Amino acid sequence: QVQLVESGGGLVQPGGSLRLSCTASESIFHIYTMGWYRQAPGKQRELVAAITGGGSTNYVDSVKGRFTISRDNAKRTLYLQMNSLKPEDTAVYYCNTADGPVPSRYFSWGQGTQVTVSS
């Protein structure tokens with residue numbers, strides 16, 4: 001299986017910015033549409049941003065204009081630039097494939113990275 005490792009989370013004040021990274025263990029990463037998911041305490045995990053191998057992107061309405069997803073296939077790395085952060089963005093953020101409702105069975109969930117937005 002392809003292993004995924006997320007990093008870059010932390011504590012930030014409202015209006016601040018963070019950049020998350022996700023690195024895959026295998027080169028087949030470039031074949032898949034990849035996405036960032038988040039899960040807040042007591043809430044269901046949701047897909048917030050996705051990017052195809054060719055660079056086409058899509059975002060959930062709540063983060064449009066604030067978050068930017070990108071990828072570097074040579075580095076097997078996925079990024080999420082988060083600006084104008086709000087307290088409701090507080091969650092554990094995960095990366096995984098995003099081609100359908102269930103991630104590819106060839107990819108494993110990582111540990112996630114905690115993002116906390118608070119004054």
Side-chain angles (χ1 to χ4, degrees):
Q1 288 187 308
V2 179
Q3 304 300 125
L4 299 166
V5 179
E6 301 94 343
S7 63
L11 175 64
V12 65
Q13 294 184 336
S17 298
L18 286 172
R19 190 190 192 201
L20 308 184
S21 298
C22 167
T23 299
S25 63
E26 303 293 338
S27 62
I28 60 170
F29 164 87
H30 72 278
I31 299 172
Y32 297 86
T33 294
M34 299 297 297
W36 284 98
Y37 301 75
R38 69 184 182 189
Q39 186 169 27
K43 296 184 178 180
Q44 195 170 18
R45 181 162 55 199
E46 64 171 342
L47 178 67
V48 298
I51 183 169
T52 68
S56 180
T57 61
N58 198 17
Y59 304 89
V60 70
D61 287 344
S62 61
V63 308
K64 285 182 178 178
R66 300 189 298 119
F67 291 9
T68 303
I69 189 171
S70 61
R71 66 194 296 165
D72 185 333
N73 290 332
K75 295 182 178 179
R76 303 191 301 273
T77 301
L78 182 73
Y79 303 97
L80 185 67
Q81 178 66 48
M82 304 186 294
N83 299 324
S84 301
L85 283 162
K86 304 175 180 179
E88 51 263 45
D89 295 319
T90 296
V92 178
Y93 285 71
Y94 303 86
C95 65
N96 214 311
T97 58
D99 291 290
V102 179
S104 170
R105 63 187 177 92
Y106 299 109
F107 287 72
S108 299
W109 290 102
Q111 80 286 356
T113 186
Q114 176 72 50
V115 172
T116 302
V117 185
S118 176
S119 60

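Here the structure is a predicted model, which is why all the values come from computation and not from measurement. No hydrogens, no waters, no symmetry mates; every other heavy atom, side chains included, goes into these values.
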Check against side chain to side chain contact (heavy atoms under 4.5 Å, CB included), Y59 and T68: CA-CA 9 Å; Y59 304 89; T68 303; 3.9 Å; yes
Donor on one side chain, acceptor on other, Q13 and S119, under 3.5 Å: no
Side chain to side chain contact (heavy atoms under 4.5 Å, CB included) evaluation trace for R71 with M34: CA-CA 9 Å; R71 66 194 296 165; M34 299 297 297; 3.6 Å; yes
Partner set under salt bridge (charged side-chain N to carboxylate O under 4.0 Å, His left out) for K75, not counting sequence neighbours: none
Side-chain heavy-atom pair P87, S118 within 4.5 angstrom cut-off: no
Non-hydrogen side-chain atoms of C95 and W109 separated by less than 4.5 Å: no
pair R45-Y94: side-chain heavy atoms closer than 4.5 Å: yes
Within-4.5 Å side-chain heavy-atom neighbours: Q81 and I69: no
Ignoring hydrogens and angles, write down the donor-acceptor pairs under 3.5 Å from the side chains of residues 17-26, residues two or more places apart or on other chains.
from	atom 1	to	atom 2	distance (Å)
S17	OG	N83	OD1	2.9
T23	OG1	T77	OG1	3.4
S25	OG	Q3	N	2.9

Residues M82, V115; criterion side chain to side chain contact (heavy atoms under 4.5 Å, CB included); working and verdict: CA-CA 10 Å; M82 304 186 294; V115 172; 3.8 Å; yes
By side chain to side chain donor-acceptor pair (under 3.5 Å) - contacts of E46 (at least two apart): R38
Donor-acceptor under 3.5 Å (T90 side chain, T116 main chain): no
OG1-CG distance between T33 and N96, expressed to the nearest 0.5 angstrom: 12.0 Å
Backbone N/O of Y32 and side chain of T97: donor-acceptor pair under 3.5 Å: no
Beyond-backbone contact of L4 with F107, side-chain heavy atoms, under 4.5 angstrom: yes
In one Ile/Leu/Val/Met/Phe/Trp/Tyr side-chain cluster, 4.5 Å: I31, I51: yes
Atom pair NE2/OG1 of H30 and T52 - distance to nearest 0.5 Å: 12.5 Å
Check: D72 main-chain N/O paired with R76 side-chain donor or acceptor under 3.5 Å: no
F67/L85 under side chain to side chain contact (heavy atoms under 4.5 Å, CB included): CA gap, chis, key distance, verdict: CA-CA 9 Å; F67 291 9; L85 283 162; 3.9 Å; yes
Between CD on residue Q1 and OG on residue S108, distance to nearest 0.5 Å: 3.5 Å
W36 ring center near Y79 ring center (under 6.0 Å): no
Contact check, side chains of E6 and L78, non-hydrogen atoms, under 4.5 Å: no
Electrostatic pair K64-D61, nearest N-O below 4.0 angstrom: yes
Cluster overlap V92 with V5, hydrophobic side-chain contacts below 4.5 Å: no
Closest contact, heavy atoms only, G53 versus N73: O-ND2, 3.8 Å
Linked, directly or transitively: L80 and V60 (ILVMFWY side chains, under 4.5 Å): yes
